[in-house]
**Student:** 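My questions all concern the structure below.
Computed from a prediction, not measured in an experiment: that's the story for all the values here.
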Amino acid sequence: MEPRRRRAPTLSPFTFHPFLICLVSFALLAPRYLLFVRASSSTLEVVTPPRRETNTMSTRKDEAADIRIVFSDVDGTLVHYPEESSSENEQAGNRILKLPPSATGMQGIISSRTLEYCRDLRRQNKKLVLISGMRTTTLLKRIPYLPRADAYCSEAGGRIFYPCQASSETDNTFTPVAFDGATQNDLIPFGITEDLEWRRRMEKPTAAGTEGFPDDGKALGSEPAVPVAKRGGLLWEYARTLQSKGYVLDTNGYSTCFRVNRKQQTTISDEEFDALLLGQVPRPPALGTSTNLGCIDFYPIESGKKHCCEYLAQKFCNSNSDNVLSKHAICFCDDDNDLEMALACNHAFVPGVSSDSMAAVIQSNPSQLTATGGAGTDLEGTIATEKALELALQSITST
């Protein structure tokens, strides 16, 4: 026999009336809530619908985030490399600047509007830091074409430089290249000085040693006097180990980092290169690695973009907090070597997606990373960069 169903108790008008009073009072006091009343066996339940998602930047780690510093990768993020057969659309008032070729012959471009937006970030009293895997010699050639910043970091964060007043005692003086919208202040020449505290960390025997840096008294962009074969430091010991296995290394212009490029290998097979890429070749625990534009970078474990960003954020924000990046920093990035930085910051904007792994991270962390270029978007190159900067400016000024 089918069990008899229990009838819900009937609520008389006298029983129900107090509930109505409560509901009406609550609705009057809190009109922004939409309320639903659902009857159960003996109770009335008030249900608030979930909040509707917005398109504004998420602060997933700290709802009260106070953004004070902006980090940006350079190649593929601010600077782009269009195919020879294609051309960036130059608009009136947004001239495209061509940068000097890199050591490998690549010539990038940057838009005037990108330079303007980066200037506007600093006008909002935010520190701007450019951080790149490029060799120091390349960075110094490009500085006049790059956004004026509060710090410039090369070699995957291994070296840090700050702008200073140009003088006859300054080894390197940079005169910014004019761009559409530039003011007289934007074009004032300046010098740079190296962060010696950070450099001392990199000079440890368990890191890169001292021999990889230019001799004292030489210009910052000078090549190190000591060849890799005679350099101390764990980094260069490992470099010689890889050379003995047949790997061809790119060490020109690097003091705290070296690169292994698949295209430069002569005797190493794809399988052997992939073994190095996947970490199957033994590496000292005191060394870190990341991939950048299809190449493998090696550097002291204290270096790397994330650690460099933490150091600068603590310095600029006057804070020793371990989560200073999630509280006070956003970033712009595009490649695998940016992932740790991107996930540590409060939010990351991605104007160009350079790898499948970056695309996967964006898809699985939509509240943490915002892609303005690449697959699934209508933008690319400098236009995608301008959109990312625009969104960042909107989010900063609205908080």
Side-chain angles (χ1 to χ4, degrees), residues 57-58 60-61 71-81 83 104 106 108 130-134 153 155-158 247 250 257-265 268-283 285 287-299 301 303-310 325-326 329-381 384-385 387-388 391-392:
M57 186 181 81
S58 167
R60 49 125 183 122
K61 294 181 181 178
F71 295 98
S72 182
D73 174 50
V74 179
D75 290 327
T77 302
L78 298 179
V79 173
H80 296 275
Y81 298 85
E83 298 292 334
T104 57
M106 297 175 64
L130 305 187
I131 182 164
S132 172
M134 74 177 74
C153 312
E155 303 185 28
Y247 290 94
D250 182 356
C257 175
F258 67 85
R259 178 167 290 182
V260 186
N261 189 333
R262 186 189 296 269
K263 296 178 181 178
Q264 295 176 349
Q265 305 310 306
I268 293 295
S269 66
D270 283 343
E271 290 74 16
E272 290 172 308
F273 185 88
D274 289 339
L276 184 65
L277 179 68
L278 298 172
Q280 297 170 357
V281 176
R283 183 183 78 250
L287 299 182
T289 184
S290 60
T291 58
N292 180 32
L293 299 175
C295 302
I296 314 172
D297 290 340
F298 293 93
Y299 41 78
I301 197 69
S303 181
K305 289 191 175 184
K306 178 190 172 185
H307 291 151
C308 181
C309 289
E310 285 177 335
L325 292 178
S326 67
I330 60 174
C331 72
F332 300 90
C333 58
D334 76 308
D335 207 351
D336 289 344
N337 69 333
D338 302 317
L339 281 174
E340 279 192 308
M341 171 181 73
L343 293 173
C345 287
N346 186 271
H347 198 83
F349 296 90
V350 188
V353 182
S354 299
S355 67
D356 292 340
S357 50
M358 174 61 85
V361 171
I362 294 171
Q363 187 173 10
S364 59
N365 295 272
S367 65
Q368 171 68 10
L369 296 94
T370 299
T372 59
T377 71
D378 297 328
L379 307 178
E380 62 180 5
T385 295
K387 181 62 176 178
L391 290 175

**Student:** Is the shortest heavy-atom distance from the side chain of D335 to the side chain of M358 under 4.5 Å?
**Tutor:** no
**Student:** With side chains defined as the heavy atoms from C-beta onward, is the minimum distance between V353 and D334 less than 4.5 Å?
**Tutor:** no
**Student:** Any donor-acceptor pair under 3.5 Å linking the side-chain atoms of T289 with those of Y299?
**Tutor:** no
**Student:** Taking C-beta and beyond as the side chain, do C308 and I131 meet within less than 4.5 Å on heavy atoms?
**Tutor:** yes
**Student:** T291 pairs by side-chain contact (heavy atoms from CB on, under 4.5 Å) with which of L277, N337, L339?
**Tutor:** L277
**Student:** Taking only residues at least two apart or on different chains, which pairs with a member in residues 360-370 satisfy salt bridge (Lys or Arg N to Asp or Glu O under 4.0 Å)?
**Tutor:** none
**Student:** Side chain to side chain contact (heavy atoms under 4.5 Å, CB included) with E340: which residues, sequence neighbours excluded?
**Tutor:** K306
**Student:** In the structure I gave you, are the side-chain heavy atoms of L343 and L369 within less than 4.5 Å of one another anywhere?
**Tutor:** yes
**Student:** Going by ring-ring contact (aromatic ring centres under 6.0 Å, His included), name the residues that satisfy it together with F332, two or more places apart in sequence or in a different chain.
**Tutor:** F349
**Student:** Do other residues, nucleotides or ligands put more than 12 heavy atoms under 6.0 Å from the CD atom of Q264?
**Tutor:** yes
**Student:** Kindly write out the residues that satisfy salt bridge (Lys or Arg N to Asp or Glu O under 4.0 Å) with R262, not counting sequence neighbours, or none if the list is empty.
**Tutor:** D270, D274
**Student:** Does the side chain of L325 reach to within under 4.5 Å of the side chain of N346, using non-hydrogen atoms?
**Tutor:** no
**Student:** Can you sort out the partners of D75 under salt bridge (Lys or Arg N to Asp or Glu O under 4.0 Å), two or more places apart, ordered by chain and number?
**Tutor:** R142
**Student:** Using a 4.5 Å cut-off on heavy atoms from C-beta on, say whether the side chain of I296 contacts that of L276.
**Tutor:** yes
**Student:** Work out which heavy atom in A348 is nearest to a heavy atom in C333; give both atom names and the distance.
**Tutor:** CB-SG, 4.3 Å
**Student:** Only counting residues at least two apart or in another chain, list the ones meeting side chain to side chain donor-acceptor pair (under 3.5 Å) with D73.
**Tutor:** T77, K305
**Student:** Drop me the distance from Q368's CD to C345's SG, to the nearest 0.5 angstrom.
**Tutor:** 8.0 Å
